[in-house]
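Notes for the one structure printed next.
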Protein chains: 2
Amino acid sequence: MFFEGSEKKVEVTVTEHAPNLRSLGHDFWTDIVEHSRAEIISSSHNDACDAYVLSESSLFVWDRRFLMITCGETTLVDGVLRFLQEISASNIALVRYQRKNEYRPRLQPSSFEDDIARLHQVLPGKAFRVGYLDSHYYNIFHTAHPYQAHPDDTVCELLMYHICGPVADYLKQQGQTREGVRERLQLHKLFEGYQLDDHVFEPVGYSLNAIRGPFYATLHVTPQTTNSYVSFETNNPSDAENNHILSRLLELLQPVSWNVMGFNCQPVMPERPNMMRLGANEWTLDCGYRVLYHHYQQSDQCDVYSFDL
Amino acid sequence: MFFEGSEKKVEVTVTEHAPNLRSLGHDFWTDIVEHSRAEIISSSHNDACDAYVLSESSLFVWDRRFLMITCGETTLVDGVLRFLQEISASNIALVRYQRKNEYRPRLQPSSFEDDIARLHQVLPGKAFRVGYLDSHYYNIFHTAHPYQAHPDDTVCELLMYHICGPVADYLKQQGQTREGVRERLQLHKLFEGYQLDDHVFEPVGYSLNAIRGPFYATLHVTPQTTNSYVSFETNNPSDAENNHILSRLLELLQPVSWNVMGFNCQPVMPERPNMMRLGANEWTLDCGYRVLYHHYQQSDQCDVYSFDL
């Protein structure tokens, strides 16, 4: 029952000379998603954004940017390279490609190093890792040509490992419903004013896309017992809203460990009992993003698992 | 310049009906080591034990037991299976096969699950993991048939990640000498009364085997910059001696994180400034070992590495 929740992620921004990305149509994006070995499950739309729930995470498309997040054993880099075939590299303003450490890297079709070697052939770039290889770490590639992100061009991520407590117990159960998840995670309160599109997976698992104007929020739950994982991210630049959401998600999901990543965003971590900060760093990418990385863990006892032989 | 320091390890105990393992001769052990894709570099001997420094870690052979530890991209399980071909499975009292999480599991020729599936076909067993898949963890397999370890049958391990400070700086330099390492690590003091056999690797790296009667101590240094690793272990059952050695090694090598594993052994961790205990567990294996697992980290800032593209 292993499923890799940990995600690969790409954000591609095109220049004003590129076609409007939303006008490329459903078949175009279906093709990109299929090259990543995922499928479109449902979609929602507003004036600024098209949001797709995927069989493995999410895709958001704006006029001049798209964001794709894929978990499991997907090949996101193939989707990106397919996109770059269709949209000339000269129309690309910025590619930011990211991979968090996986629970089981051996099951992945490629490593981050493999992926960026291929991207780098098409679009020269720079790559960084924050954190240690024997623990949590985050890999980031971005294209090398000049780009200056606007200070309001933000992303705030919360990545939670080994969720515990009554909400986690519900999410780990088969037979969960969309309403059951929405109620327990208080999604209507957390994402007030957002249009919600969500999906409950068989036998377990849950994905949410939420859009409000140009802002998205997305939540993915991989509740598998020995390797549960929940990710949240948003481009809403409101520190107050983000601090509230992060705080509530940590209270509800009680992860053993978690990461906070900010791109031009400075979420304040609420103090929790027995919380330890294992890592912290801040640095600036040439493309204009101030990156913040925090890694926390509860000082809990760790588990012993017996293997089936 | 990546080299995987993290080790695979096997301890095989034979019954009184098996041939004396030391009498099997140098060619026999050379063959076992070669099946593990390593080589014998040097050896030392006393009345109880033959000790071999390997191109990747160490081998110790007693009359009724052997211990092999291999790092890098070795295939220790092939060495074990080769041994089991030569020495009938009916002569095996206990096999304990262990793997710590690697820095780069994708570069390994097999996973722990692959290895134990093969061992299990020859010798039914049980397997456990302690710790979390997204951080440090330790895998243990042992054979299932009845065995009762003597309380003095102990192993104490200290596994150190990301060493820092002046001794670490020396170990990371090319041109280090055996005498230079011995002096900086105070090995004559730490292993008083032991016969030492050590090797300095090119361009960096150091291995030490130390034997005193039936007791061994072994130290392996993989100082590569982004993934330094130092392991120490001994079967000396003296808590006082072990506590002293662990305490000195931590002071000298200043690792960012470390694990202590005890098999019928309870080392006391010295309190160090900014030390956090991330995990702790104790449980008993059916074969009679009380296993203790501790995971510690200094509350330091974490690093950002840039990749070469």
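Sequence lines set the chain letters: A, B, ... in the order given, protein chains first and strands last, and positions in each chain run from 1.
- Contact count versus chain B (heavy atoms, under 4.5 Å) is highest, among A:Arg104, A:Lys126, A:His295, for A:Arg104.
- If you measure heavy-atom distances from B:Glu113 to chain A, the contacts under 4.5 Å come from the side chain alone.
- The part of B:Phe141 that comes within reach of chain A is its side chain, from C-beta onward, which places non-hydrogen atoms under 4.5 angstrom from that chain.
- Taking CG of A:Asn227 as the start and OH of B:Tyr132 as the end, the distance is 12.0 Å to the nearest 0.5 Å.
- Every residue two or more places apart in sequence or in another chain was checked for a salt bridge (charged side-chain N to carboxylate O under 4.0 Å, His left out) with A:Arg272, and none qualifies.
- In this structure, chain A has a heavy atom under 4.5 Å from the side chain of B:Asn101, while its backbone stays farther away.
- No side-chain heavy atom of A:Glu102 sits less than 4.5 Å from a side-chain heavy atom of B:Leu133.
- Heavy-atom distances place the side chain of B:Tyr161, and not its backbone, under 4.5 Å from chain A.
- Expressed to the nearest 0.5 Å, how far CG of B:Asp134 lies from OH of A:Tyr229 amounts to 10.5 Å.
- Among all heavy-atom pairs drawn from B:Arg106 and A:Pro105, the shortest one is NH1-O, 3.1 Å.
- Residue B:His136 touches chain A through both its backbone and its side chain, counting heavy-atom pairs closer than 4.5 Å.
- Contact count versus chain B (heavy atoms, under 4.5 Å) is highest, among A:Ser111, A:Pro124, A:Gly125, A:Ser135, for A:Ser111.
- Looking at B:Asn259, there are no atoms closer than 4.5 Å to chain A (heavy atoms on both sides), in backbone or side chain.
- B:Ser257 touches chain A through its side chain: at least one heavy atom from C-beta onward sits under 4.5 Å away, while N, CA, C and O do not.
- Counting all heavy atoms, side chain and backbone alike, A:Leu278 lies closest to B:Leu278 at CD2-CD2, 3.5 Å.
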